[in-house]
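Below is one structure; the comments refer to it alone.
A quick note: this is a predicted structure, and the numbers were derived from the prediction, not measured. Position 1 is the first residue of the sequence, and the numbers go up from there.
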Amino acid sequence: MGKDKGGFLTPKAIANRIKAKGLQKLRWYCQMCQKQCRDENGFKCHCMSDSHQRQMQLFSENSTTYMDEFSSQFEEGMMELIKRKAKSHRVAANTLYKEYIGFKEHTHMNSTIWETLTDFVMYLGRTGKCEVDETEKGWFVTYIDRDPETLAKMEARAKRERAALDSEEKHLRDIQRMVKASQAHAEETAAPTEVLRDESAEKISFGLQLGAKAKRPKLAEEAGEAAASGASAVGPSAGPSGGKAKMSSIEAIMQERQAQQEAAAAARSEEKQGSDHWLASDIVVKVVNKKLLGGKYYKVKGVVEKVVDKYTAHVRMSSDGALVKLDQDDLETVVPQVGSSVLLVNGRHRGEVAKLMSIDQDKFCVSVKLDNGRVLDGVEYEDVCKIAK
C-alpha cells in the first residue's frame, strides 16, 4: 500500500522523469554511445563500462570517418535551423546554437572538427554558405539562398531589367539623334544673309541754303538735262568710270562670314554622308524584334551572309544555325570590345575597316582608327558593326 502511494515520488521515478525531460549537462553526454549521464559519477561509470570501451575501440580504428560523419550531421542540423531563422535577416549565432542544442537528440559540437562556435561560424563564411559579421554583441549570420529555382528567378528578373534598360537606351539614342539633326538643320537655315543694297537707286539729298531766300532745287529740270546729255546720276561713292559702287568694310566682313559658314556647312554635310540603309555582308547583328517567330530569336546574334537588297538580308543565327531573311528594322549593329576590328556601315567612310579605340557609353558613340592612321571621334553605335570572324 505504502509502496503504491510512494511510487511516483521514489528516487528512481524522479530520475526517470528528469532523464526523459530532455537536456542535461552536455559534458556528461557520450556521442559514440548516444547516452546522457546525469552527473559526473554516472559519466565516469559509463566510460568504464565494456560497451563504451568497445565503441571507443571502433572510434580509434577509424577516427576520421566518425568525426566527419558527426561534423556533417552537426552542420546539416545547424544549416536547417539557419535557413528557417536567418533567411531574410541576420541572427545571432549564439541564439541559433542555443535553439539547436535544445533538441534532446542532437549532434554535439565536441564530437566534430570544430572546437568552438566561432570556428564553425568562420567556416560558414569561408565556404560562402552564410554571410557572417562580428559585432560587439558577438557573431551574426545570414543565410545565402542558393536554391536553383531561386537563382533561376533572379536571373530571369535580371534579364527583364536588362531588356528594359536596352529599350530605354535605344529610345534615348533616337531622341539624341533627332536633337542633333534638328540642331544641324537650325544652324544651316539660321545663317545670316548679306543686306543687298540697290546701287542704281537715285539718291536724294536735302540741302539747306542760308540767306534771305531759299531757292527750291529744280530736280525735274536737272533730271531732264541729265537724260538729254546721256549722263547717269550716281552717288558720291561712284568710281571715276561710272561702274559699281565700292563695297564697304561691314559688307566685306559679312560676306566673308557667310562664306565661312557655307564652307562649314558643306564640310558637315560631307562628313555626314549617311543613308537610311546600313546592311553589309560578314557583319554580326542582333535581333531586336520581340514578335519575330514568337520571340524565339529576340536578342540573339547572327552573321549576315547575303544582302538581298538595301533593306533585307539573309542572317545565319548563332543559336541554332538557321538561315533567316530579316529586315534591317528588326536588327541592330553589335559593338565589340575595345581593340577589335569593326566595319563602318554608314557615313562618309562607309565600307572601310577600322580598329575600335574607345567606347563612350554616356554619349552612345565610339572612336575608331582607320587604316591610314586617321582617328574618327564621336562615331555613333549605328554606324559601326562587329566583323564576323
Side-chain angles (χ1 to χ4, degrees), residues 18-38 43 55-56 58-59 62-169 295 298-300 319 361:
I18 294 174
K19 185 176 180 180
K21 186 177 180 181
L23 189 66
Q24 298 181 32
K25 286 191 176 182
L26 300 179
R27 62 176 179 172
W28 294 335
Y29 181 84
C30 178
Q31 186 66 54
M32 284 296 298
C33 302
Q34 297 182 357
K35 179 176 177 59
Q36 175 70 59
C37 299
R38 291 194 298 271
F43 185 73
Q55 293 293 332
M56 293 306 297
L58 294 175
F59 178 80
N62 197 357
S63 59
T64 305
T65 304
Y66 282 101
M67 290 193 68
D68 292 343
E69 182 180 358
F70 293 148
S71 300
S72 63
Q73 293 176 0
F74 177 80
E75 181 182 357
E76 183 179 356
M78 284 293 293
M79 287 301 298
E80 183 180 357
L81 186 61
I82 292 173
K83 182 178 180 180
R84 288 189 287 106
K85 298 291 184 178
K87 190 172 184 179
S88 58
H89 59 282
R90 66 175 193 169
V91 182
N94 194 28
T95 303
L96 296 173
Y97 180 71
K98 288 181 179 179
E99 185 173 352
Y100 172 74
I101 63 177
F103 296 98
K104 181 178 180 181
E105 296 179 358
H106 68 274
T107 304
H108 289 231
M109 184 180 290
N110 56 9
S111 62
T112 63
I113 59 176
W114 303 289
E115 297 181 358
T116 60
L117 181 61
T118 302
D119 295 339
F120 176 70
V121 172
M122 294 177 66
Y123 160 78
L124 295 180
R126 287 195 307 269
T127 54
K129 298 180 179 180
C130 295
E131 293 181 2
V132 300
D133 56 336
E134 185 180 9
T135 63
E136 297 178 354
K137 297 182 180 181
W139 288 91
F140 285 79
V141 297
T142 305
Y143 180 72
I144 300 177
D145 193 358
R146 299 187 182 276
D147 186 40
E149 185 177 356
T150 304
L151 295 177
K153 290 181 180 178
M154 294 175 62
E155 185 177 359
R157 187 184 304 111
K159 286 183 178 179
R160 290 194 298 269
E161 293 177 354
R162 287 196 299 269
L165 184 60
D166 292 342
S167 301
E168 185 178 357
E169 289 179 354
Y298 179 62
K299 292 296 182 181
V300 178
S319 59
Q361 297 182 358

Report the residue from Ile144, Leu124, Val91, Thr142 that forms a side chain to side chain contact (heavy atoms under 4.5 Å, CB included) with Ile82.
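Result for side chain to side chain contact (heavy atoms under 4.5 Å, CB included) with Ile82: Leu124.
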
Nearest-0.5 Å distance, [atom1] of residue [X] to [atom2] of residue [Y]:
X	Y	atom1	atom2	answer
Leu58	Thr65	CG	OG1	12.0 Å
Arg84	Glu99	CZ	CD	6.5 Å
Leu96	Lys85	CG	NZ	8.5 Å
Thr118	Trp139	OG1	CH2	7.0 Å
Tyr100	Met79	OH	CE	12.5 Å
Met78	Leu117	CE	CG	6.0 Å

Thr127 vs Glu75, test: side-chain contact (heavy atoms from CB on, under 4.5 Å). Steps then yes/no.
CA-CA 12 Å; Thr127 54; Glu75 181 182 357; 5.8 Å; no

Is Glu76 atom CD crowded by more than 12 heavy atoms from other residues, nucleotides or ligands, each under 6.0 Å away?
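Not buried by this count: 12 neighbours or fewer within 6.0 Å.
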
To check you understand the geometry: which heavy-atom pair defines the closest contact between Cys130 and Tyr143, and what is its length?
SG-CA, 4.2 Å

Parallel, tilted or perpendicular: ring planes of Trp114 versus Phe74, cut at 30 and 60 degrees:
tilted

Quick one: are the ring centres of Phe120 and Tyr97 less than 6.0 Å apart?
no

The test is side-chain contact (heavy atoms from CB on, under 4.5 Å); show your working for Lys129 and Tyr123 and say whether it passes.
CA-CA 9 Å; Lys129 298 180 179 180; Tyr123 160 78; 3.4 Å; yes

Could you go through Asp119 and Thr116, starting from their C-alpha distance and side-chain angles, then the distance that decides it, and tell me whether this counts as side chain to side chain donor-acceptor pair (under 3.5 Å)?
CA-CA 5 Å; Asp119 295 339; Thr116 60; 3.2 Å; yes

